[in-house]
Visitor: 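Structure incoming, see below.
Whatever order the structure lists them in is the order used to number ligands and atoms, beginning at 1.
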Amino acid sequence: MDGDERNHARRLAAWRDDPGSSAILTDIDGTLAPIVPTPDMAEVPAELKKLLRRLSEAYLLVAGISGRKTEDARKLVGLEDIVYFGNHGFEILRDGEIEVITEALPYLEKVQELEQRARDELGPLGAFVEEKGITASIHYRNVPKEIGERCVELVNAEGERLGLRITVGRGVVEARPPIRADKGTAVRRLVEEYGPRRATFLGDDTTDLDAFRELEKLREEGVLEEILRVGVASEEGPPEIETEADLTVDGVEGVGEVLRMLAEEN
Ligand SMILES: [Mg+2]
């Protein structure tokens, strides 16, 4: 442990002394579940599930914030009693109920049109078109590079035609309504609603940077007293996930260490 790590360990100890004022917000794929070739193969290790259950009993809020549909996020994590903010901030699931943010609803048909086109043209080439409702995800991790490029091209062109917003992540291109809804707006909504004094966010990819940046804004505004941005390092992740983090950990195992520090009793 170097000086920085000891400092973080001390800070995390303060969090677990006052869990009722602290929120644990986390990405799921690549953070709680190791990255695998197709999203349906992803799994959260049993030990992490156990830790998250313990944390959800003690802390003010434990929420999984994911690009996935909220129902998929819940199935993957396997816990009923945490909050899931899914579809990049468009959908929230808690107490068994799903809510789509109302500003997004007028775009539902356009997203479905793009999804159908991807299914017809990119599906036969080997891309995996994930059914997601208010957003569309086309996965190309497991196809040759030129087909991946074709996926990005087609989704970009269709997105422009239909007036949708397109983003590219690790082996996936996504279409969504052109309104601001991302992991940052999800973090803000949860913080404003639950009112923690401290909040942490753990993430590994480009879309997680929105959450990091919103946490920083919330601290600047005085809404949060303390934040902790935990970056999960990987070969495919963007460099900012380390440069903008307060603490960088190595893969899902490193996330386990942070969660254990948040959970351990003195
Ligand atoms: Mg991720």
Side-chain angles (χ1 to χ4, degrees), residues 23-45 48-49 51-52 55 62-79 82-93 128 130 132 135-142 148 152 165-176 181-187 190 199-215 228-259:
I24 300 171
L25 314 174
T26 178
D27 170 50
I28 299 175
D29 286 88
T31 299
L32 299 179
I35 293 285
V36 286
T38 61
D40 56 323
M41 290 164 70
E43 252 184 296
V44 176
L48 284 199
K49 291 186 188 181
L51 274 169
L52 287 167
L55 291 166
V62 176
I65 303 182
S66 171
R68 289 179 181 259
K69 287 195 296 187
T70 48
E71 284 166 308
D72 289 351
R74 180 182 55 188
K75 269 183 220 146
L76 178 54
V77 178
L79 297 174
I82 75 172
V83 172
Y84 297 91
F85 222 127
N87 258 352
H88 300 294
F90 284 104
E91 197 180 285
I92 184 167
L93 167 64
F128 173 67
E130 190 184 355
K132 294 183 79 175
T135 69
S137 288
I138 293 88
H139 300 266
Y140 55 86
R141 289 185 65 81
N142 46 351
V152 174
R165 189 178 150 215
I166 307 302
T167 55
V168 181
R170 289 168 71 178
V172 62
V173 56
E174 294 171 304
R176 65 184 76 180
D182 53 35
K183 292 187 181 182
T185 57
V187 161
L190 291 173
T200 181
F201 183 87
L202 303 90
D204 71 310
D205 205 350
T206 309
T207 57
D208 298 315
L209 297 171
D210 294 322
F212 279 6
R213 291 165 190 168
E214 204 66 31
L215 276 188
L228 182 68
R229 294 158 295 187
V230 181
V232 183
S234 70
E235 272 179 25
E236 293 167 297
E240 294 93 331
I241 211 73
E242 296 186 44
T243 55
E244 294 191 21
D246 302 300
L247 170 66
T248 301
V249 299
D250 222 5
V252 172
E253 270 180 35
V255 169
E257 284 169 32
V258 172
L259 295 183

Visitor: Main chain of Leu228, side chain of Thr200: is a donor-acceptor contact present, judged purely on distance under 3.5 Å?
Guide: yes

Visitor: To check you understand the geometry: which heavy-atom pair defines the closest contact between Ala136 and Lys132, and what is its length?
Guide: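 Reported closest heavy-atom pair: C-CD, 4.5 Å.
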
Visitor: State the atom name: nearest N, O or S atom of Asp204 to the Mg ion (ligand 1).
Guide: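 Closest N, O or S atom of Asp204 to the Mg ion (ligand 1): OD1.
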
Visitor: Determine which of the N, O or S atoms in Asp29 is closest to the Mg ion (ligand 1) and give its atom name.
Guide: O

Visitor: Strictly under 2.8 Å, is any N, O or S atom of Asp205 next to the Mg ion (ligand 1)?
Guide: no

Visitor: Among the N, O or S atoms of Asp27, which one sits nearest to the Mg ion (ligand 1)?
Guide: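 Of all N, O or S atoms belonging to Asp27, OD2 is the one nearest the Mg ion (ligand 1).
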
Visitor: With no hydrogens and no angle check, just 3.5 Å: does a side-chain donor-acceptor pair link Asp40 and Thr38?
Guide: yes

Visitor: Taking atom types as modelled, is there a side-chain donor on Thr70 or Glu91 under 3.5 Å from an acceptor on the other?
Guide: yes

